[in-house]
*Asks:* 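Can you read through this structure? Questions will come right after.
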There are 2 protein chains.
Amino acid sequence: MEHELAAQRLAELGHTTRLAVFRLLVRAGRDGLPVGDIQKHLDVAGPTLSHHINRLKGVGLLTQRREGRTLYCVPQMDALRELTGFLESECCTLNVSE
Amino acid sequence: MEHELAAQRLAELGHTTRLAVFRLLVRAGRDGLPVGDIQKHLDVAGPTLSHHINRLKGVGLLTQRREGRTLYCVPQMDALRELTGFLESECCTLNVSE
DNA sequence: ATTATATTTCAATAAATATTGAAATATGGT
DNA sequence: ACCATATTTCAATATTTATTGAAATATAAT
């Protein structure tokens, strides 16, 4: 995984609300959750939530799928795995040498 | 690991320069690196680097140790492990259920 | 067509963060 | 004491991000 993208994803996850959104989605599983459901959990104004969801979407941490009036947010687990992989990829030096 | 701290650490790592600093340190291993050495790698002004190092320090991702005039930055691997652990902790739902 | 629901876009403001030159501090060598 | 090296603090400015009410859009139900 590329450095810049990793930094961007970390930055997006590095915000309380967005981290909460993302973790909700991960817990929810493959189907994801409607924006409205997320909002019920999080006490933020609609536009604020929309903004944060778009940022997560912008770095590929979630995608959206519409079902009628309901817009689902779906976590992209591969993106998360890439990211944790990236973070751990330099650890070996330290772990192995002791 | 607590949500707020995780978000803070993610935010600090979510900046190109800081991520580069941190990864340099991880690669360097237990002894860490002098601030000056970091600067040689990174093309940033001293005060800028100092600022970023302090932010990483502020969330426990590194500590410092002085040897004479030289100030070493030492990566805190436990903090990183806590963080990756936190990120992965909600994954199980998704991974197990398929 | 009208109405209700779900979510977004717009526009404005507030708050946080990044960047850097210049000056200050700390340490060690002469 | 003086000088050089290593790094930080200060102060100012620029940039980015967050937040929200109001208005707009999209979809579905009647």
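The sequence lines fix the lettering, A, B, ..., with proteins before strands; numbering per chain opens at 1. Not measured: the values here are computed from a predicted model.
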*Asks:* Distance check needed: dT8(D) C1' versus L71(B) CG, whole Å only.
*Replies:*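 Checked: the CG to C1' distance equals 10 Å.
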*Asks:* Round to the nearest Å and state the distance from R65(B) atom CZ to dA6(D) atom P.
*Replies:*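 To the nearest whole Å, that distance equals 16 Å.
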*Asks:* Using a 4.5 Å cut-off on heavy atoms from C-beta on, say whether the side chain of L13(B) contacts that of L87(A).
*Replies:*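 A side-chain contact exists here, since the closest heavy-atom pair is under 4.5 Å.
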*Asks:* Measure the shortest side-chain to side-chain distance between V74(B) and L25(B) over non-hydrogen atoms and say whether it is less than 4.5 angstrom.
*Replies:*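 Side chain of V74(B) against side chain of L25(B), heavy atoms only: no contact under 4.5 Å found.
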*Asks:* Rounded to the nearest Å, what distance is computed from the CD1 atom of residue I53(B) to the C1' atom of nucleotide dT19(C)?
*Replies:*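 Going from I53(B) (CD1) to dT19(C) (C1'), I get 15 Å.
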*Asks:* For the side-chain hydrogen bond (donor to acceptor under 3.5 Å, both in side chains) test, which of Q64(A), E12(A), Q76(A) pairs with K57(A)?
*Replies:*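 Option passing the side-chain hydrogen bond (donor to acceptor under 3.5 Å, both in side chains) with K57(A): Q64(A).
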*Asks:* Using a cut-off of less than 4.0 Å, is there contact between a side-chain N or O of Q64(A) and OP1 or OP2 of dT8(C)?
*Replies:*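 Yes, such a contact exists.
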*Asks:* Step by step, work out the salt bridge (Lys or Arg N to Asp or Glu O under 4.0 Å) result for R81(B) and E88(A).
*Replies:* CA-CA 8 Å; R81(B) 280 183 214 111; E88(A) 281 162 358; over 6 Å; no
*Asks:* If two hydrophobic side chains count as joined below 4.5 Å and joins carry through other members, does L61(B) share a cluster with L42(B)?
*Replies:*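 Per the 4.5 Å side-chain linkage, L61(B) and L42(B) are co-clustered.
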*Asks:* Using a cut-off of under 3.5 Å, enumerate the N/O to N/O pairs linking the protein to nucleotides 24-29 of chain D.
*Replies:*
none

*Asks:* Starting at CG of L62(A) and ending at C1' of dT7(C), how long is that distance when rounded to a whole Å?
*Replies:*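 Answer to the nearest Å: 14 Å.
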*Asks:* H52(B) versus L56(B): any side-chain heavy-atom pair under 4.5 Å?
*Replies:*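 The answer is no, as the side chains (C-beta and beyond) never meet within the 4.5 Å cut-off.
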*Asks:* Would you mind reading off the distance between L33(B) atom CG and dA6(D) atom C1', rounded to a whole angstrom?
*Replies:*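 Those two atoms, CG and C1', are 15 Å apart.
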*Asks:* Evaluate the ring planes of F86(A) and H3(A), with Trp represented by its six-membered ring, and classify them as parallel (under 30°), tilted (30 to 60°) or perpendicular (over 60°).
*Replies:*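 Ring orientation of F86(A) relative to H3(A): perpendicular.
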*Asks:* When you measure from the side-chain N and O atoms of H15(A) to the phosphate of dA18(D), is any distance below 4.0 Å, counting only OP1 and OP2?
*Replies:*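 For H15(A), the contact criterion (side-chain N or O under 4.0 Å from OP1 or OP2 of dA18(D)) is met.
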*Asks:* Heavy atom of residues 35-52 of chain B under 4.0 Å from DNA chain D: which residues?
*Replies:*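 Those residues whose heavy atoms fall under 4.0 Å from DNA chain D, taken from residues 35-52 of chain B in numerical order, are V35(B), G36(B), G46(B), P47(B), S50(B).
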*Asks:* Between atom CG in N54(B) and atom P in dT19(C), what is the gap in whole Å?
*Replies:*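 About 15 Å, once rounded to whole Å.
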*Asks:* Above 12 or not: heavy atoms from other molecules or residues under 6.0 Å from CG of D78(A)?
*Replies:*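 Buried by this count: over 12 neighbours within 6.0 Å.
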*Asks:* Measuring only between side-chain heavy atoms, which start at C-beta, is L33(A) closer than 4.5 Å to V21(A)?
*Replies:*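 Of all side-chain heavy-atom pairs linking V21(A) with L33(A), none is under 4.5 Å.
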*Asks:* For Q8(B) and dA16(C), give me the distance from atom CD to atom P, rounded to whole Å.
*Replies:*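 Checked: the CD to P distance equals 13 Å.
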